[in-house]
Colleague: 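Quick one: the structure is below, and I'll ask about it shortly.
We're numbering straight along the sequence, starting at 1.
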Amino acid sequence: MNRATEILNNVFGYSAFRPPQDQIIETVVTGGDALVLMPTGGGKSLCYQIPALARAGCGVVISPLIALMQDQVSALKLLGVKASFLNSTLDPATARQVEEDLLAGELDLLYIAPERLTQERTLQMLERSPISLFAIDEAHCVSQWGHDFRADYLQLSLLHQRFSQIPRIALTATADARTRGEIITRLDLGEAAQFIAGFDRPNIRYRIALKHNAKQQLLRFLKEEHPGDAGIVYCLSRKKTEDVAFYLQQQGFNALPYHAGLSGAVRADYQARFLREEAVIMVATIAFGMGIDKPDVRFVAHLDMPKTVEAYYQETGRAGRDGEPADAWMIYGLQDVIKLRQMMESSEGSEEHKRAEQQRLNAMLGLCEITTCRRQALLNYFGENLSESCGNCDSCLEPVDTWDGTEAARMALSAVYRTGQRFGVAHLVDVLRGAESDKVFQFDHQHLPTYGVGKDLDNNQWRSVFRQLVARGYLSVDLERFGALRLEEKCRPLLRGEEQIQLRRDSARKSAAKRQTRTPLPVDIDVALWEALRDCRRELAEQQGVPPYVIFHDRTLQEMCTILPQSLSQFGRITGVGERKLEKYGQTFLQVIEDHLAA
Ligand code: ADP
Ligand code: ZN
């Protein structure tokens, strides 16, 4: 284990393992198989990179993310690790060279695409090469039920058959037990030690607010909290991504649209810009998903609600992989609830399937409407227990008021009933508030007993009541009549006065002063030095054709600002500075710091 710690310090420049990294590494170094479930950003890569360096031979990493291999390999090379990759993007001569290096035992790590690995020719080559381990990254790709299924992954059980002496480590960030079971059976990992890390992402701050003017709310969020940061904005439709990206461009942001309707070349180009340039905002549909391995995504904003908690967690999980503070910010409103409910009802599939989808949507709505800690609810959904509220979600930071909505809910339900369950929210609110609209007179609704009984609440308050009733399943949305609300069985006890209901009080727009804003940098940091270090990093990154974070993470630059190293030995103690980077960049960055201090 000393050897592993030495590699951690000297090669990667980190001082300590994040448990259970140490146990996993020990298992694999001593020749055992391992199954690793760790959240995004948990630090899975070191779990196979360090054993590959500690054991004799080359570690073979199977990954479906071809677009990332180049960057992963460049990053390792900068650390002094002998790494290469084999995939369809290589020309034959280069590929041959890689193969020769492998056979000659000159590689520490080889990244390979699954379709390449399973070719007989490759397998024979591997049999003749010194191999230290096989790492199967994104192991959930064996699951036929998941979104990321890869047929080639099914064949990976052959590793066990043909290389029975070589340890295997399978890794994924997908949480659920069914997928885990599938990985074990399909990859023949029955004997493997299992390491299941907690799924909490403490550095992500969860916030879900009410939507009133999506674009302006987004703009304000970006301006006040994330100027100069990279992030992702998720929208439901292709058109909306283009629309929002254009709007942000006009407001001076470096924003790009991303969806499945763009050509492959455009998408590849935008993805590369997102990785290589700083402060790019990707406005995307869920087509922008797996393979976003950018560690310094500072926010994920949802302008539309995802359909499930799983999707929400996966999408928000793309923020803050580097462990630094990051925001998961979402706005939603009555229209989202209505739209998603309708989409579910009209979806293809059996009744059973629809019911399951409805339940998953209900869980997502529940998360939006909850008045207690969001993180507790999220983790609870994945079967984990967080004993105390987190202090880093909107419910914890600005506790939500509730009010006794029993009377209001009864009025609302009765308005639905009396008008024949044929009308949408706008008209129902008019009836409750006694509005003198054309539609009221057209249907003679001014004579109903519910007409005008709800003058105490304003328009927004009534919409809030209806939203919560739909979200909690008291009302359903009629497909035949767009947006018409209908009573559900669940209403009865409430209407009969046998049940009370507590509703969330939607706060008015919060004043900027009251809101907890996150400054992107520690307050006491010297901004001029920070910018100078970032410039230096950008130049080096451009020269070497790698993304800036491959040179140094933000965290490392921040430490430079606070520690102000004046010598190479001081510089070497900074997190993320290993031997190779010290040698390569130490002097350059020390010079920037010295110039700054002298100025
Ligand atoms: P995952 O693959 O699980 O999403 P990564 O392997 O990319 O996560 O690691 C996430 C980030 O955490 C990376 O920037 C990595 O360098 C950093 N990291 C991992 N382990 C440690 C550690 N023991 N100490 C400090 N930083 C670490
Ligand atoms: Zn909380």
Side-chain angles (χ1 to χ4, degrees), residues 12-15 41 71 75 78-79 203-205 221-232 251-255 273-282 294-300 319-327 329 392 512 515-544 546-578 581-599:
F12 294 92
Y14 297 141
S15 51
D71 283 344
L78 286 185
L79 296 170
N203 60 317
I204 298 183
R205 174 172 295 181
F221 168 69
L222 296 177
K223 279 190 169 161
E224 286 179 2
E225 303 186 40
H226 291 285
D229 283 343
I232 307 170
Q251 302 292 329
F253 287 92
N254 195 356
R273 285 181 59 187
F274 184 63
L275 290 177
R276 273 161 215 274
E277 293 173 19
E278 300 212 47
V280 174
I281 298 175
M282 202 65 121
K294 186 173 165 62
D296 54 354
V297 173
R298 291 273 66 86
F299 64 88
V300 169
R321 294 183 67 145
D322 53 9
E324 301 296 307
D327 274 306
W329 180 91
N392 195 25
R515 188 164 349 138
Q516 295 257 354
T517 55
R518 182 192 70 89
T519 30
L521 290 170
V523 267
D524 50 354
I525 227 162
D526 183 333
V527 179
L529 176 57
W530 166 253
E531 289 301 337
L533 292 170
R534 290 230 299 188
D535 285 344
C536 175
R537 174 175 71 174
R538 189 177 312 126
E539 256 171 53
L540 289 169
E542 269 166 28
Q543 277 167 24
Q544 322 216 351
V546 294
Y549 58 77
V550 168
I551 305 286
F552 283 131
H553 280 183
D554 284 356
R555 167 81 185 275
T556 305
L557 297 194
Q558 277 174 28
E559 277 190 30
M560 288 183 209
C561 289
T562 45
I563 294 171
L564 297 174
Q566 323 252 328
S567 68
L568 281 174
S569 68
Q570 286 173 355
F571 194 86
R573 284 198 285 275
I574 289 176
T575 305
V577 182
K581 285 189 177 171
L582 176 64
E583 190 184 304
K584 228 171 148 155
Y585 306 128
Q587 209 53 59
T588 316
F589 281 91
L590 280 173
Q591 192 62 51
V592 174
I593 295 166
E594 195 185 313
D595 291 350
H596 177 80
L597 293 177

Colleague: Using a 4.5 Å cut-off on heavy atoms from C-beta on, say whether the side chain of Q558 contacts that of H553.
Modeller: no

Colleague: Grab the two heavy atoms, one from D327 and one from A319, that are nearest each other, plus how far apart they are.
Modeller: O-CB, 4.2 Å

Colleague: State which residues pass ring-ring contact (aromatic ring centres under 6.0 Å, His included) with Y549; sequence neighbours excluded, sorted by chain then number.
Modeller: none

Colleague: Apply salt bridge (Lys or Arg N to Asp or Glu O under 4.0 Å) to R538 and list each qualifying residue two or more places apart in sequence or on a separate chain.
Modeller: E278, D535

Colleague: Can you name the residues that form a side-chain contact (heavy atoms from CB on, under 4.5 Å) with N392, not counting sequence neighbours?
Modeller: R205, R375, C390

Colleague: State which residues pass side-chain contact (heavy atoms from CB on, under 4.5 Å) with S15; sequence neighbours excluded, sorted by chain then number.
Modeller: none

Colleague: Could you walk me through whether L78 and K581 pass the side chain to side chain contact (heavy atoms under 4.5 Å, CB included) check?
Modeller: CA-CA 7 Å; L78 286 185; K581 285 189 177 171; 4.1 Å; yes

Colleague: Between the main-chain N or O of T575 and the side-chain N or O of T556, is there a donor-acceptor pair closer than 3.5 Å?
Modeller: yes

Colleague: I'd like to check M560 versus W530 (side-chain heavy atoms, cut-off strictly below 4.5 Å). Are they in contact?
Modeller: no

Colleague: Before giving the answer on side chain to side chain contact (heavy atoms under 4.5 Å, CB included), spell out for R534 and L529 the whole-Å C-alpha distance, their side-chain angles and the decisive distance to 0.1 Å.
Modeller: CA-CA 8 Å; R534 290 230 299 188; L529 176 57; over 6 Å; no

Colleague: To the nearest 0.5 Å, tell me how far Q570 CD sits from L564 CG.
Modeller: 9.5 Å

Colleague: Under 3.5 Å, which donor-acceptor pairs do the side chains of residues 589-599 form with other protein atoms, sequence neighbours left out?
Modeller:
residue : atom : partner : partner atom : Å
Q591    : NE2  : D595    : OD1          : 3.0
H596    : NE2  : D526    : OD2          : 2.7

Colleague: Identify the heavy atoms of P565 and I574 that sit nearest to each other, and give their distance.
Modeller: CG-CD1, 3.8 Å

Colleague: Return the NZ to CG distance between K584 and L79, rounded to the nearest 0.5 Å.
Modeller: 10.0 Å

Colleague: ring-ring contact (aromatic ring centres under 6.0 Å, His included) with Y585: which residues, sequence neighbours excluded?
Modeller: F552

Colleague: Could you note down all residue pairs passing salt bridge (charged side-chain N to carboxylate O under 4.0 Å, His left out) where residues 558-570 supplies at least one of them, sequence neighbours left out?
Modeller: R555-E559

Colleague: Decide yes or no on side chain to side chain contact (heavy atoms under 4.5 Å, CB included) for F221 and H226, but give the supporting numbers first.
Modeller: CA-CA 7 Å; F221 168 69; H226 291 285; 3.5 Å; yes

Colleague: Would you compute the distance between atom CE of M282 and atom NZ of K294 and round it to the nearest 0.5 angstrom?
Modeller: 10.0 Å

Colleague: Can you find a pair of side-chain heavy atoms, one from F274 and one from I232, that are under 4.5 Å apart?
Modeller: yes

Colleague: Would you name the heavy atoms of F253 and L222 that are closest together and state the gap between them?
Modeller: CZ-CB, 3.7 Å

Colleague: Rounded to the nearest 0.5 Å, what separation is found between the CD atom of E542 and the CD1 atom of I551?
Modeller: 10.5 Å

Colleague: Between L533 and C561, is there a side-chain heavy-atom distance shorter than 4.5 Å?
Modeller: yes

Colleague: Output, in order, the C-alpha distance, side-chain angles, deciding distance and verdict of salt bridge (charged side-chain N to carboxylate O under 4.0 Å, His left out) for D554 and R537.
Modeller: CA-CA 10 Å; D554 284 356; R537 174 175 71 174; 3.0 Å; yes

Colleague: Measure the shortest side-chain to side-chain distance between W329 and V300 over non-hydrogen atoms and say whether it is less than 4.5 angstrom.
Modeller: no

Colleague: Walk me through whether D296 and E324 qualify under side chain to side chain contact (heavy atoms under 4.5 Å, CB included).
Modeller: CA-CA 8 Å; D296 54 354; E324 301 296 307; over 6 Å; no

Colleague: Suppose we screen for side-chain contact (heavy atoms from CB on, under 4.5 Å). Which residues come up paired with E277, at least two apart in sequence or across chains?
Modeller: N254, R273, V280

